[in-house]
There are 2 protein chains.
Amino acid sequence: MRPGERPEIANLPLFREMQERQRERIFTGSFLQAFPPQLTLFELGQYPDFLHVLVDGLVELHAHSAGRDTTMRIVEPVTSFILAAVVTDQPYLMSARTIAPSRILLVPAALVREVVKDDPALMQATMRELAKAYRDMVRALTDMKLRQSAERLGNLILQQEQRQGGTGKVRLKAEKRVLASLLGMTPENLSRAFGVLGNHGIAVNGAQLTITDRAALEAFVRPDPVPGDPP
Amino acid sequence: MRPGERPEIANLPLFREMQERQRERIFTGSFLQAFPPQLTLFELGQYPDFLHVLVDGLVELHAHSAGRDTTMRIVEPVTSFILAAVVTDQPYLMSARTIAPSRILLVPAALVREVVKDDPALMQATMRELAKAYRDMVRALTDMKLRQSAERLGNLILQQEQRQGGTGKVRLKAEKRVLASLLGMTPENLSRAFGVLGNHGIAVNGAQLTITDRAALEAFVRPDPVPGDPP
DNA sequence: CGAACCCTTGATGGCGATCAAACGCCGTGG
DNA sequence: CCACGGCGTTTGATCGCCATCAAGGGTTCG
């Protein structure tokens, strides 16, 4: 582990409040591993072996069935993922693959379940994390059901802009094809959606976006009625 | 509370494992209230006052924004709902209304949060419940993104048939218009989707459905690659 | 008995998917 | 260093699923 990384992981909402002794158990039982891009980490249907914490890189969670495939979430560092499958010991509902060279902390699933039982602070943090994940999914589903594609794209841009500091500039971290799948559309239509947003306050230059007219953009995208949870 | 109901509530996965003393705190601080149909219980954006436990009747959770509205979940008794908003003390992401005369146990949200802190078994049950809710939402989102409307309907029928005892008969509990919204389509298209399923092993008679050819139905609907969690 | 309201059926239109092809970027290999 | 080839993206043309608009039957409730 590189200097500064262990504190960064220990400072995650999930691990921040727990007893130092239990945290030590977690860390000594885990290991950090590097993966090349385009590598499948696990497949939907498998039972969870590890809680994953993305330390560096980029990971795509996707679901697939009967030849169709859709991106469910793009995980940025530093974040844990697939906590729900681990705590309930039920099969993954999504597959995961790296989309950039990535380093991931692997915490044995059984160890997580054990320590959760022994450490109330960790259990509470897990509860909060799951509640947040649930609420994120509720938002994603309403987004899909209530908005059409260009509106979804506009909202995603607004969210990313907030996450990236609110400077009016947004850099897309994933390929546009992946982004399209995340938004539930085809690459062709994503391209056209960017075209539409050109008339509503967005300028596109490759992966670099600029919000040129925030008011116009917000008027177009039907922003969430309930403002986002703080990160 | 009617005879037999208190044990039934106490036996919910959420409350089953907790200490009797803490459970007593929950029950004495709560009250059971009856509501007529078509009554709004709470609105999206409000802060949660109560954890709700539907004891009898039927409740619809729905989201809305900019004049559009979509059903997110139909709650059947006996089930708790909006647990995530309560434990995190964040605004509801969905509104709730009764769609039948209903009786609901109202547990003050602050009391829930307090008792959760004091009772590890309740906290663990809450964690599990949230994990399940999260996984249900993942399924709902993949359903919406990967399947088209008649396939979604067919899958819902198969799930309901399991929940109702696997007898090959399914009775729809909600109006078809609500069902349509839950499935992300219009009433007109739901009607047509039933027509399509007529060629794939389903017979419709009002709200009473019969699975006449399970193999044909399963071939048509692209069943989930990961079998459902046990209830 | 009548009047909503729900469900159904038909006709039309729009959003987004699919098919097809050209462009641009980038890495490789000559 | 440049030519080539592959892949992601863009643009255009067409198709299909589903929404919308419209109207008719059936049921329920006042």
Side-chain angles (χ1 to χ4, degrees), chain A residues 36-38 58 60 66-71 74 97 99-101 143-154 156 171-200 202-209 220-222, chain B residues 36-38 58 60 66-71 74 97 99-101 143-154 156 171-200 202-209 220-222:
Chain A
Q38 301 304 331
L58 210 55
E60 175 194 10
R68 306 176 191 175
D69 188 307
T70 190
T71 303
I74 295 170
R97 67 177 154 237
I99 53 182
D143 191 49
M144 191 63 51
K145 290 179 80 176
L146 290 179
R147 286 197 269 250
Q148 46 196 45
S149 57
E151 297 168 357
R152 294 200 294 275
L153 174 59
L156 180 137
R171 167 157 295 278
L172 301 177
K173 296 191 181 64
E175 287 178 347
K176 287 184 182 172
R177 62 200 330 265
V178 177
L179 184 59
S181 179
L182 177 68
L183 290 169
M185 52 187 177
T186 58
E188 294 94 322
N189 274 314
L190 177 63
S191 207
R192 289 185 251 268
F194 274 120
V196 170
L197 292 186
N199 305 322
H200 297 278
I202 296 281
V204 183
N205 191 325
Q208 181 64 51
L209 313 181
F220 178 75
V221 298
R222 307 167 178 266
Chain B
Q38 300 305 329
L58 210 56
E60 175 194 10
R68 306 175 191 174
D69 188 307
T70 191
T71 303
I74 295 170
R97 66 177 155 236
I99 53 183
D143 191 48
M144 191 63 49
K145 289 179 80 175
L146 290 179
R147 287 197 268 250
Q148 47 196 44
S149 57
E151 297 169 357
R152 293 200 294 275
L153 174 59
L156 181 138
R171 167 157 295 279
L172 301 177
K173 294 190 182 65
E175 287 179 346
K176 287 185 182 170
R177 63 202 329 267
V178 177
L179 185 58
S181 178
L182 178 68
L183 290 168
M185 54 187 174
T186 58
E188 293 96 320
N189 273 313
L190 176 64
S191 206
R192 289 185 252 268
F194 273 119
V196 170
L197 292 185
N199 305 322
H200 298 278
I202 296 282
V204 183
N205 190 325
Q208 182 63 52
L209 313 181
F220 177 76
V221 299
R222 309 167 177 265

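Chain A is the first sequence line, chain B the second, and so forth, proteins listed ahead of strands; every chain is numbered from 1. The model shown is predicted, which means the values in this text are computed figures rather than measured ones.
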Identify all side-chain donor-acceptor contacts of residues 189-198 of chain A below 3.5 Å with residues at least two apart in sequence or on another chain.
from: A:Asn189; atom 1: OD1; to: A:Arg192; atom 2: NE; distance (Å): 3.4
from: A:Asn189; atom 1: ND2; to: A:Thr186; atom 2: OG1; distance (Å): 3.3

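Taking every heavy atom of residues 184-192 of chain B and every atom of DNA chain D, pairs under 4.0 Å involve B:Gly184, B:Met185, B:Thr186, B:Glu188, B:Asn189, B:Arg192, by number. Less than 4.0 Å separates DNA chain D from no heavy atom of any residue of residues 172-183 of chain B.
The CG-C1' distance, from B:Leu153 to D:dC17, rounds to 15 Å in whole Å.
In this structure, B:Phe194 and A:Ser149 both approach DNA chain C, and ranking their closest nucleotides by distance from the 5' end singles out B:Phe194.
In this structure, B:Ser181 contributes its side chain and B:Thr71 its backbone to a donor-acceptor pair below 3.5 Å. The backbone N or O of B:Arg147 lies less than 3.5 Å from a partner atom in the side chain of B:Arg152, making a donor-acceptor pair. Here the side chain of B:Lys145 pairs no donor or acceptor atom with the backbone of A:Met144 at under 3.5 angstrom.
The salt bridge (Lys or Arg N to Asp or Glu O under 4.0 Å) test applied to B:Arg97 returns B:Glu60, not counting sequence neighbours. Qualifying salt bridge (Lys or Arg N to Asp or Glu O under 4.0 Å) partners for B:Arg177, counting only residues two or more places apart in sequence or in other chains: none. In this structure A:Lys176 satisfies the salt bridge (Lys or Arg N to Asp or Glu O under 4.0 Å) test with no other residue, sequence neighbours excluded. Applying the side chain to side chain contact (heavy atoms under 4.5 Å, CB included) test to A:Ala100 and every residue at least two apart in sequence or in another chain returns A:Leu58. Applying the side-chain hydrogen bond (donor to acceptor under 3.5 Å, both in side chains) criterion to B:Asn199, with sequence neighbours excluded, gives no partner residue. Under the rule for a side chain to side chain contact (heavy atoms under 4.5 Å, CB included), the partners of B:Ala207 that lie at least two apart in sequence or sit in another chain are B:Arg171, B:Leu172. Take A:Gln148 and apply the side chain to side chain contact (heavy atoms under 4.5 Å, CB included) test, not counting sequence neighbours, and it matches A:Glu151.
By the 4.5 Å heavy-atom criterion applied to side chains, A:Leu156 and A:Leu182 are counted as neighbours.
If one axis is set at each end of the helix from C:dC1-D:dG30 to C:dG30-D:dC1 from five pairs, those axes are 30° apart, to 10°.
For DNA chain C, the outermost nucleotides in 5' to 3' order that have an atom under 4.0 Å from a heavy atom of chain B are C:dC6 to C:dA11.
A:Met185 and A:Leu153 make their closest contact through CE-CB, 4.3 Å (heavy atoms, listed as atom of the first residue, atom of the second, distance).
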